[in-house]
Structure formats: structure tokens, C-alpha cells
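Note that ligands are numbered from 1 as they come in the structure, with each ligand's atoms numbered from 1 the same way.
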Amino acid sequence: MRLFSPAKVNLLLAVTGKRTDGYHDLLSLVSPITFGDFVTVTVDDATGDPVLSCTNPEVPSGDENLVIQAAKAFLAATGLAKGLTIHLEKHIPTEAGLGGGSSNAATTLMILNRVFSEPLSIEDLTDLATELGSDCPLFLHREPVLMRGRGEQIERLDPTIVAGLLGRRLAVFKPSIGVSTPWAYGRLASQEKSYADREKTETRVLAWKQGELALEELMFNSLEDPVFEKFVALPALFESIQENLGLQCLMSGSGSSCFALMGESDRGEGLKTMVREAWGDEAIYFECQLGMTDA
Ligand code: C5P
């Protein structure tokens with residue numbers, strides 16, 4: 001079975017405090033985008049560990065890959081003894097804040113659950129996904145959701161709100177440098193007054209849900225401050241995009257990917273040219289939509 005494995009963007013990422021387990025509590029509005037990888041799983045009766053191949057030779061194919069960890073966790077949880085051959089068609093860059101590895105792992109869990117006639121409930125899958133990574137559970141939903149806790153508490157949105165988000169156009173752009181997620185959270189934790197106020201953020205999310213606050217007004221990322229201090233090329237480009245094109249930009253997750261929501265009439269050429277001029281030809285630029293390319 002072959003399934004699309006989308007990237008995501010965080011439209012809101014409010015980090016509200018440090019937890020006793022070393023992670024951070026967050027409140028995030030996150031959406032899959034119509035850009036991503038493909039995961040293919042073939043089942044046979046061979047014994048032995050799952051085998052992974054990938055179109056990108058730089059992606060590790062052993063136990064360090066979340067896809068292998070997901071496959072092993074699924075087999076252990078279900079008691080199934082099957083041979084699994086998994087192929088990853090990779091497009092999502094790493095250290096990009098686009099959730100590539102987490103998406104691949106969640107998609108692997110979903111494929112396996114479908115292939116074996118759904119032995120696990122969504123709650124079981126969420127538990128497995130949470131063990132694999134904080135961004136993994138959101139990808140089990142394949143639509144925009146709100147995340148709380150360290151990422152494992154998923155709130156599904158009203159269908160009319162989801163419908164209002166799906167199809168919105170955006171441009172995603174990433175400099176050649178990547179940002180390590182633990183580094184970004186560590187830097188945030190070392191800054192005074194760095195956390196977002198949980199109650200105020202909840203109030204803003206509620207206002208947005210009720211149609212009293214535009215999505216553009218809700219857009220915020222707590223990790224921008226710590227990342228921008230070191231990678232000054234990001235805020236510099238944001239400013240000139242805002243000035244010249246009137247487009248609001250946001251960093252996704254811990255970066256280094258950034259995105260701009262585009263209106264119906266906005267053309268991407270000007271933005272693409274600005275990204276290339278500021279960050280060079282090795283910068284990634286693509287246009288896509290909020291949502292999924294398949295079910
Ligand atoms: O859960 P995951 O392994 O993806 O997290 C990677 C790192 O990001 C964690 O080790 C932690 O440093 C940071 N993190 C965090 N709080 C979260 C999610 C991630 O502090 N909610």
C-alpha cells in the first residue's frame with residue numbers, strides 16, 4: 001500500500017512553559033500541506049526486521065529512522081510476525097520544521113493498521129505515535145488540528161473551520177541551513193520571559209474559532225525569537241517581503257522553513273525572486289496549499 005505522507009506547517013506555535021519531563025507544553029494550530037513524501041509498504045511472510053529503502057541516500061535506513069521504529073512498534077503492539085519492506089519517496093527536507101520524519105512514521109502506522117484490518121484504535125495509534133515523537137500524533141489526522149500538551153493532545157476542529165483552511169495557498173521557503181529542534185527549544189528555555197501566556201493564547205484561539213480573529217492575526221511562533229537571534233537572514237527577509245509584497249511570513253516549527261499565506265490574486269514569482277536573491281539558489285522554494293493531495 002502506498003500513501004501520501006504530507007509535510008506540515010504550524011500556523012500558530014505558542015510554547016507556554018517547560019514541563020518536568022524536559023519537554024515543553026504548547027498550543028499549536030497545525031495543518032498538513034499538499035507537499036510531501038510517499039510511503040509504500042509491502043508485506044510478506046519473511047522473518048526478520050523491517051527493511052527500509054529511500055530515494056535520498058542521505059536518509060538513514062536503520063533503527064534511527066522513525067519509519068523503522070514505527071513499524072517495529074506496530075508489530076510489537078499487535079503481536080503480528082510479518083516481513084515488511086518499506087520504501088520512502090523523500091521530498092521533505094530535514095531540520096526544516098516541516099515534520100517530515102514524524103509524518104513518515106505516522107503514515108507507516110496508518111498503512112499498517114489499514115493493511116492488517118485495523119487491529120489498533122486511534123487511541124492506540126496515538127500512544128504509539130507519541131512515543132515516536134511529539135509531532136507524530138497530529139499526522140494521524142490528515143487535516144488541520146489543534147495540538148496541546150507536548151503534542152499528543154489533539155483537538156479536531158469543526159468541519160466548517162477545516163473547510164475554511166483547506167485549499168489556502170501558501171509559499172514555503174527554506175535557507176540551506178537547518179535548525180535542530182532541541183537546540184531551538186533549549187535556547188527558548190534559557191531566555192527570560194520567553195514563554196507565551198497560555199490563557200491569553202487560548203482566548204485568541206477561541207476568538208479565531210468564533211470568526212472574531214483572522215488567521216493572519218492568530219499567526220505566531222514562540223521559537224522565532226531564539227532562532228532569529230542567531231539566523232538573522234530570516235527576519236531580514238521577512239521584513240523586506242512584508243515591505244515589498246505586503247505578505248506576512250511565519251517560521252514553521254523550529255525552522256528553518258518559513259511560509260507566507262498568499263491571497264487568491266498573489267503571484268509567487270516576486271516572492272521566489274526575493275528568496276533567491278536573499279538566500280541564494282540553494283534555498284528551497286515551493287508553492288502548495290493547506291490540506292492533503294489524497295485521503
Ligand atoms: O518529541 P521529539 O523527539 O520530536 O522532540 C525533539 C526535541 O524537541 C525534544 O528532545 C525537546 O528538546 C524538544 N521539544 C520540547 N517540547 C515539545 C516538543 C519538542 O521541548 N513539546
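Ligand-side atoms of ligand 1 in range of G133: 1 (O), range being under 4.0 angstrom from any heavy atom. Here is the list of ligand 1 atoms found below 4.0 Å of a heavy atom in L26: 21 (N). The contact set between ligand 1 and P182, taken as ligand atoms under 4.0 Å from a residue heavy atom, comprises 7 (C), 12 (O). In the vicinity of Y23, heavy-atom distances shorter than 4.0 Å reach the ligand 1 atoms 1 (O), 5 (O), 9 (C), 14 (N), 15 (C), 16 (N), 17 (C), 18 (C), 19 (C), 20 (O).
Remark: K230 is positioned above the aromatic ring of W183, its terminal NZ or CZ atom under 6.0 angstrom from the ring centre and at most 45 degrees off the axis.
Looking at D158 and K209, no side-chain N of the basic residue comes within less than 4.0 Å of a carboxylate O on the acidic one, giving no salt bridge. E131 has no carboxylate O lying under 4.0 Å from a charged side-chain N of R150, or vice versa, which leaves the two without a salt bridge. Between R156 and E143 a salt bridge is recorded (basic side-chain N to carboxylate O distance below 4.0 Å). Using a cut-off of 4.0 Å between Lys/Arg side-chain N and Asp/Glu carboxylate O, R2 and E89 are scored as salt-bridged. Of the charged side-chain nitrogens involved, none lies within less than 4.0 Å of a carboxylate oxygen, so that R169 and E264 do not count as a salt-bridged pair. By the 4.0 Å N-to-carboxylate-O rule, E202 lies close enough to R148 to be salt-bridged with it.
For atom 13 (C) of ligand 1, the nearest non-hydrogen atom of the protein is Y185 CD1, 3.4 Å. At the shortest separation from atom 20 (O) of ligand 1 among protein heavy atoms lies H24 ND1, 2.7 Å. At the shortest separation from atom 6 (C) of ligand 1 among protein heavy atoms lies T181 CG2, 4.3 Å. For atom 1 (O) of ligand 1, the nearest non-hydrogen atom of the protein is S134 OG, 2.6 Å.
Ligand 1 has no N or O atom lying under 3.5 Å from any N or O atom of D135, backbone or side chain.
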